[in-house]
Amino acid sequence: MPELPEVETIARGVDERVRGRRIVSVWTGSKPEPFKSAPEKIVEALTGSVIQKVHRVGKHVVIDLTRAAGAEGWQGQWLVHLGMTGRLLVSHPDVAVPLHTHAIAQLDDGREIRFVDPRRFGRLQVLDLSPSRASKKRDGELEEPKRFTGTGQEPLAISPEAFRELFRSRRTPIKSALLNQSLLHGVGNIYADESLYRAGIRPRRHAARLTVRELGALWSALQSVLTEAIALGGSSVSDYVGADGAKGFFQLEHKVYMRTGQPCARCGTPIRRLVLGGRSTHYCPKCQR
DNA sequence: AGGTTGACCTGGACGC
DNA sequence: TGCGTCCAGGTCAACC
């Protein structure tokens with residue numbers, strides 16, 4: 001489910017519910033779980049930590065943690081990538097634990113943060129940001145461990161000029177470039193298709209061949225599509241979205257995504273589907289040039 | 001190096 | 001009812 005607007009919705013929902021709470025214990029499944037950090041490391045980092053803030057970076061939910069251990073204290077970040085089917089739920093302990101739950105963090109008020117992911121494409125990771133972990137650079141300066149800044153540029157923070165620069169030299173279809181998380185992070189299949197439709201650009205056009213004007217239109221389209229989707233709580237395509245199980249409503253605004261054969265809202269031409277970079281891609285052959 | 005493809009998983013929808 | 005096939009919002013590693 002989760003692209004930028006869905007992850008933003010989830011992060012806000014979780015933040016509202018757990019900010020300031022202390023994690024008292026952590027359970028992880030026994031099988032090889034979809035973790036990027038070793039399970040013991042995750043348990044060690046989370047146990048006893050206080051949740052300062054939950055926010056989004058790209059498609060990652062980032063949970064800022066601190067712990068008063070020793071004189072200087074400890075700080076770190078818990079990164080959650082939801083893959084395609086991941087959920088981050090805040091539940092009361094008497095609510096049945098769903099199938100495919102891979103980790104549970106129990107809070108000091110008894111509630112639990114549960115990481116559930118049937119398809120196991122999601123990933124959990126912890127970063128140790130303690131000043132004591134600073135490493136010496138070549139010139140002898142101390143280098144602070146870095147907070148997570150994601151894999152690319154933030155779509156809702158990038159300027160139109162920087163956006164243009166990002167795609168200028170890419171010899172790949174613009175749709176594929178939009179999905180490349182090392183350029184922009186956070187855009188996935190739904191919002192790539194929807195923003196290209198809104199900008200009137202064919203997904204197969206090569207990024208490097210787009211005009212300044214077209215890239216400007218794409219930047220604007222992306223801003224409006226993502227902003228509107230966040231306002232509607234994201235898109236619930238097959239399963240749910242928010243931390244409380246509430247669905248989003250942006251799927252009602254989809255103009256091309258999963259609408260193959262249906263008439264274009266603007267011109268009535270049937271929406272077409274093609275496969276680009278292994279991903280299904282939807283567009284209006286008349287409105288998108 | 002940049003670009004493309006297939007593998008990784010499970011479950012739901014659909015056809016026979 | 002049941003089985004097989006195809007498809008799904010995302011990354012990665014491995015290839016060209």
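Every chain is numbered from 1 and lettered A, B, ... according to where its sequence line falls, protein lines coming before strand lines.
Under 4.0 angstrom from either OP1 or OP2 of C:dG10 there lies no side-chain N or O belonging to A:Gln181. Residue A:His185 places none of its side-chain N or O atoms closer than 4.0 Å to OP1 or OP2 of C:dG10. Residue A:Lys59 places at least one side-chain N or O under 4.0 Å from the OP1 or OP2 atom of C:dT11. Taking side-chain N and O atoms only, A:Ser280 has a distance below 4.0 Å to OP1 or OP2 of C:dA8. Contact between the side-chain N/O atoms of A:His81 and the OP1/OP2 oxygens of C:dT11 is found at a separation under 4.0 Å.
One atom, CG of A:Leu179, and another, P of C:dC12, lie 14 Å apart when rounded to the nearest Å. Rounding to whole angstrom units, NE2 of residue A:His100 and C1' of B:dG11 are separated by 8 Å. When rounded to the nearest whole Å, the span between NE2 of A:His102 and C1' of B:dC8 equals 13 Å. The CZ-P distance, from A:Arg87 to B:dC9, rounds to 21 Å in whole Å. When rounded to the nearest whole Å, the span between CG of A:Leu79 and P of C:dG10 equals 18 Å. Atom-to-atom, CE of A:Met84 to C1' of C:dT11 comes out at 10 Å; the value is rounded to the nearest Å. The interatomic distance linking A:His254 (NE2) with C:dA8 (C1') rounds to 14 Å, in whole Å. Between the P atom of C:dC7 and the CZ atom of A:Arg279 lies a distance of 14 Å, rounded to the nearest Å.
A:Arg164 is linked by a salt bridge (Lys or Arg N to Asp or Glu O under 4.0 Å) to nothing, counting only residues two or more places apart in sequence or in another chain. For the salt bridge (Lys or Arg N to Asp or Glu O under 4.0 Å) test, residues two or more places apart in sequence or in another chain that qualify with A:Glu165 are A:Arg168. The salt bridge (Lys or Arg N to Asp or Glu O under 4.0 Å) search around A:Arg22 returns none, not counting sequence neighbours. By the salt bridge (Lys or Arg N to Asp or Glu O under 4.0 Å) test, A:Arg170 pairs with no residue at all, sequence neighbours left out.
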Name each donor-acceptor pair under 3.5 Å that joins a side chain in residues 259-270 of chain A to protein atoms two or more places apart or in another chain, with its distance.
residue, atom, partner, partner atom, Å
A:Arg259, NE, A:Lys255, O, 3.3
A:Arg259, NH1, A:Gln262, OE1, 3.4
A:Arg259, NH2, A:Gln262, OE1, 3.4

Which protein N or O atoms sit under 3.5 Å from an N or O of nucleotides 2-4 of chain B?
residue, atom, partner, partner atom, Å
B:dG3, OP1, A:Arg171, N, 2.7
B:dG3, OP2, A:Arg170, NH1, 2.7
B:dT4, OP2, A:Thr172, OG1, 2.6

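Across B:dA1 and C:dT11, the matching P atoms stand 22 Å from one another, rounded to whole Å.
Residues A:Glu33 and A:Thr28 have side chains that never bring a donor and an acceptor to within less than 3.5 angstrom of each other.
Of the residues in residues 114-127 of chain A, A:Arg119, A:Phe121 come within less than 4.0 Å of DNA chain C through at least one heavy atom, sorted by number.
Residue A:Gly278 is classed as having no contact, given no heavy-atom separation below 4.0 Å to the nucleic acid. Across all strands shown, A:Tyr191 has no heavy atoms under 4.0 Å from either base or sugar-phosphate atoms.
Side chain of A:Thr227 to main chain of A:Ser224: no donor-acceptor pair is present (N/O by atom type, distance under 3.5 Å, no hydrogens or angles).
The list of salt bridge (Lys or Arg N to Asp or Glu O under 4.0 Å) pairs with a residue in residues 36-47 of chain A, not counting sequence neighbours, is empty. For residues 278-289 of chain A, no residue pair satisfies the salt bridge (Lys or Arg N to Asp or Glu O under 4.0 Å) rule, not counting sequence neighbours. Legend: salt bridge (Lys or Arg N to Asp or Glu O under 4.0 Å) pairs involving residues 49-63 of chain A, not counting sequence neighbours, sorted by first then second residue: A:Glu8-A:Arg56, A:Arg56-A:Glu154. Residue pairs meeting the ring-ring contact (aromatic ring centres under 6.0 Å, His included) criterion with at least one member in residues 258-289 of chain A, sequence neighbours excluded, are A:Tyr257-A:His282.
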What dot-bracket string describes DNA chain B from 5' to 3', counting Watson-Crick and G-U wobble pairs whose defining distances are under 3.5 Å, with [ ] for crossing pairs and | for pairs to another strand?
.|||||||.|||||||

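Side chains of A:Val43 and A:Leu46 form no contact here, defined as non-hydrogen atoms less than 4.5 Å apart.
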